[in-house]
Amino acid sequence: MAAGHQGPGAAGRRRLRHLQQAQGWFVAISVIGKEHFGTLDDGTKADIWTVSNGGITLKVLSYGGVVQTLDVPDRDGRTANVSLGFGDLGDYVTHSPYFGALIGRYGNRIAGGRFTLDGTAHQLPVNNGPNCLHGGDRGFDRRIWDVEPFTAGEDTGLALRRTSPDGEMGFPGTLEVEVVHTLTRGGAWRIDYTATTDRATVVNLTNHTYFNLAGEGSGSVHDHRVEIAAARYTPVDSDLIPTGRLAAVEGSPLDFRRPKAIGRDLRAAYRQIVLANGFDHNFVLDKGVTAEPEHVATVTDPASGRVLRIATTEPGVQFYTANFLDGSFAGTSGRVYRQGDAFCLETQHFPDSPNQPSFPSTVLRPGETYRTTTVHTFGTC
Ligand code: BGC
């Protein structure tokens, strides 16, 4: 019934389909394989890989580990791509605001691009005002990843691997990274991150999918309802660096402990909203760091009925309302993306943790394994 691992050679364009019968339902599990997506200026070829669990179809690029498409059914069984992206590699290279990207070595900002570890100062590239954002100007989102498809029991997926050399983007240590996307029969898209190092370093990996549960290119997500299990968040300064304080969401526009439409407080004259041009904040998840993924957020689109539930092992999530999309380019479906046309929920350790001793540590040492998991479960209402 279930197939074992399929090596990269076996993948090719060959279509592997296993019809599995479980509890009276037939579920189509398929690793559809890869196609050429584009060629970089230096001649490097980028592939697009497709996997499906019969409900969700996921397309991932070897370039940047980008989630290029995420097809999900609505309450009537109609499928739409709920992830903003591009149909052309050149768009990813020239102006992608990290659409769907695998983010590393460090998600979000490190103040001044500087940190000190075990008495040694490290300088990273500064690519966002005075700060380092998402691992620097050539972070993991701009690298070519090895991709291996697999089926395991009723699951199917893609394992992405890369060795980040010592000193890449200023980070110490050779980092061996594996990011595994799994589509499960239960309708979930799971991401497991692991990394090891040969020198003490800092690591904070995440995925930067911009979701629109009504379908990319369909307009704003202001009507989507969001719930985040966080009583506190990390307020930021004018460069979007955490002040170090953990503030209560109570009585503020950042209170998402009960479901709330994104648009309701998006234009509130509240200093944190003004500074970030909308929501762009790290929420301190009530559950903290956990060994197993625990539920932390739910987003519902009343129009399509699509529901996204997120569980994670991570202590934080960056809720970002695509504040910097300005209508200057079109996406996969050829329609222009504007401010508020998507939301991100980037599960993570807190921004600037290497400079904030009171935040959960992001230090990884030789002999340890960095291990985090985030599970996105799609349903309908
Ligand atoms: C950051 C935003 C940034 C966006 C795209 C988010 O993770 O918090 O400030 O604009 O990524 O780069």
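FYI, side chains are in, hydrogens and waters are out, and symmetry mates aren't considered; it's all heavy atoms of this structure.
Side chains of Asp352 and Asn355: a donor on one and an acceptor on the other come within 3.5 Å.
Ala214 approaches Ala80 most closely through the heavy-atom pair O-CB, 4.4 Å. When all heavy atoms of Glu314 and Thr372 are compared, the closest pair comes out as OE1-CG2, 3.5 Å. The heavy-atom pair separating Gly244 from Ser358 by the smallest distance is O-OG, 4.2 Å. Contact between Ala200 and Pro172 at its shortest, heavy atoms only, is O-CG, 3.4 Å. The two atoms that bring Gly100 and Asn207 nearest to each other are O-ND2, 3.1 Å, heavy atoms only.
Going from atom OG1 of Thr194 over to atom CZ of Arg371 covers 6.5 Å, rounded to the nearest 0.5 Å. Put simply, CG on Asn323 and CD on Gln339 are 6.0 Å apart, with the number rounded to the nearest 0.5 Å. Rounding to the nearest 0.5 Å places CD of Gln68 at 7.0 Å from CG of Asn81. In this structure, Ser304 OG and Arg78 CZ are separated by 9.0 Å, a value rounded to the nearest 0.5 Å. One distance of note links NE2 of His222 with CZ of Arg264; it measures 14.5 Å at 0.5 Å rounding. Rounding to the nearest 0.5 angstrom, the gap separating the NZ atom in Lys34 from the CG atom in Asp47 is 4.5 Å.
Other residues, nucleotides and ligands contribute only 12 or fewer heavy atoms inside 6.0 Å of the CG atom of Asp41. Open room surrounds CZ on Arg335; 12 or fewer heavy atoms of other groups in view lie less than 6.0 Å from it. Remark: Arg75 CZ is packed, more than 12 non-hydrogen atoms of other residues, nucleotides or ligands lying under 6.0 Å away.
Residues Ser218 and Asn212 have side chains in contact (heavy-atom distance under 4.5 Å, counting atoms from C-beta outward). Proximity of Thr362 to Pro354: side-chain heavy atoms (C-beta onward) are separated by under 4.5 Å at one or more points. Annotation: side chain of Leu285 is not in contact with side chain of Glu294 (no heavy-atom distance under 4.5 Å). No side-chain heavy atom of Tyr370 sits less than 4.5 Å from a side-chain heavy atom of Thr197. Contact check for His349 versus Pro315: side-chain heavy atoms found under the 4.5 Å cut-off. Residues Tyr98 and Ile103 form a side-chain contact, since some pair of their non-hydrogen atoms from C-beta on lies under 4.5 Å apart. Counting heavy atoms from C-beta outward, Asp118 and Thr120 have side chains that stay 4.5 Å or more apart. In this structure, the side chains of Leu246 and Thr234 come closer than 4.5 Å at one or more pairs of heavy atoms.
Val203 and Phe350 are members of different hydrophobic clusters when ILVMFWY side chains are connected at heavy-atom separations under 4.5 Å. Put simply, Phe283 and Ile310 are part of the same group of oily side chains (I, L, V, M, F, W, Y) that touch within less than 4.5 Å, one to the next. Tyr270 and Ile228 fall within the same hydrophobic cluster, defined by Ile, Leu, Val, Met, Phe, Trp and Tyr side-chain heavy atoms under 4.5 Å apart, directly or through other members.
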Practice item. Could you go through the side-chain contact (heavy atoms from CB on, under 4.5 Å) check for Thr321 and His224 one step at a time? Key: CA-CA 11 Å; Thr321 44; His224 286 37; over 6 Å; no
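Applying the ring pair (Phe, Tyr, Trp, His ring centres under 6.0 Å) test to Phe279 and every residue at least two apart in sequence or in another chain returns Phe256, Phe319. Asp42 is linked by a salt bridge (Lys or Arg N to Asp or Glu O under 4.0 Å) to nothing, counting only residues two or more places apart in sequence or in another chain. Under the salt bridge (Lys or Arg N to Asp or Glu O under 4.0 Å) criterion, Arg114 pairs with no residue, sequence neighbours left out. Under the rule for a salt bridge (Lys or Arg N to Asp or Glu O under 4.0 Å), Asp71 has no partner lying at least two apart in sequence or in another chain. For Lys287, the salt bridge (Lys or Arg N to Asp or Glu O under 4.0 Å) criterion is met by no residue, not counting sequence neighbours.
Think of Tyr106 as one node in a network of Ile, Leu, Val, Met, Phe, Trp and Tyr side chains linked at under 4.5 Å; its network also takes in Ile110, Phe115, Leu117, Leu124, Met169, Phe171, Val202, Val363. Clustering of Ile, Leu, Val, Met, Phe, Trp and Tyr by side-chain heavy atoms under 4.5 Å joins Phe99 with Phe37, Leu40, Ile48, Leu61, Tyr63, Val66, Leu84, Phe86, Leu89, Tyr92, Val93, Ile144, Tyr210, Tyr320, Phe324, Leu325, Phe329, Tyr337. The other members of the hydrophobic cluster of Val236, by chain and number, are Leu240 (side-chain heavy atoms under 4.5 Å, ILVMFWY only).
Proximity of a side-chain donor or acceptor of Glu216 to a complementary backbone N or O of Ser333 within less than 3.5 Å is detected. In this structure a side-chain-to-backbone donor-acceptor pair under 3.5 Å is present from Asp326 to Ser328. Remark: the backbone N or O of Thr373 is paired with a side-chain donor or acceptor of Thr313 at under 3.5 angstrom.
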Do any side-chain atoms of residues 374-381 form donor-acceptor pairs under 3.5 angstrom with protein atoms, and if so which ones, sequence neighbours left out?
from, atom 1, to, atom 2, distance (Å)
Thr374, OG1, Thr312, OG1, 3.0
Thr374, OG1, Thr347, OG1, 2.7
His376, ND1, Trp189, O, 3.2

Please list every donor-acceptor pair under 3.5 Å in which a side-chain atom of residues 132-141 meets a protein atom from a residue at least two apart or in another chain.
from, atom 1, to, atom 2, distance (Å)
His134, ND1, Asn108, N, 2.9
His134, NE2, His208, NE2, 3.4
Arg138, NH2, Arg142, O, 3.4

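The salt bridge (charged side-chain N to carboxylate O under 4.0 Å, His left out) pairs that include a residue from residues 158-168 are Arg143-Glu168, Glu148-Arg161, Arg161-Glu178, Arg162-Glu168, Asp166-Arg199, where partners are two or more places apart or lie in different chains. For the ring pair (Phe, Tyr, Trp, His ring centres under 6.0 Å) condition, the pairs that include at least one residue of residues 229-248, sequence neighbours left out, are Tyr233-His281.
Remark: of the listed residues Asp280, Asn282, Thr206, Asp280 is the sole one forming a side-chain hydrogen bond (donor to acceptor under 3.5 Å, both in side chains) with Gln318.
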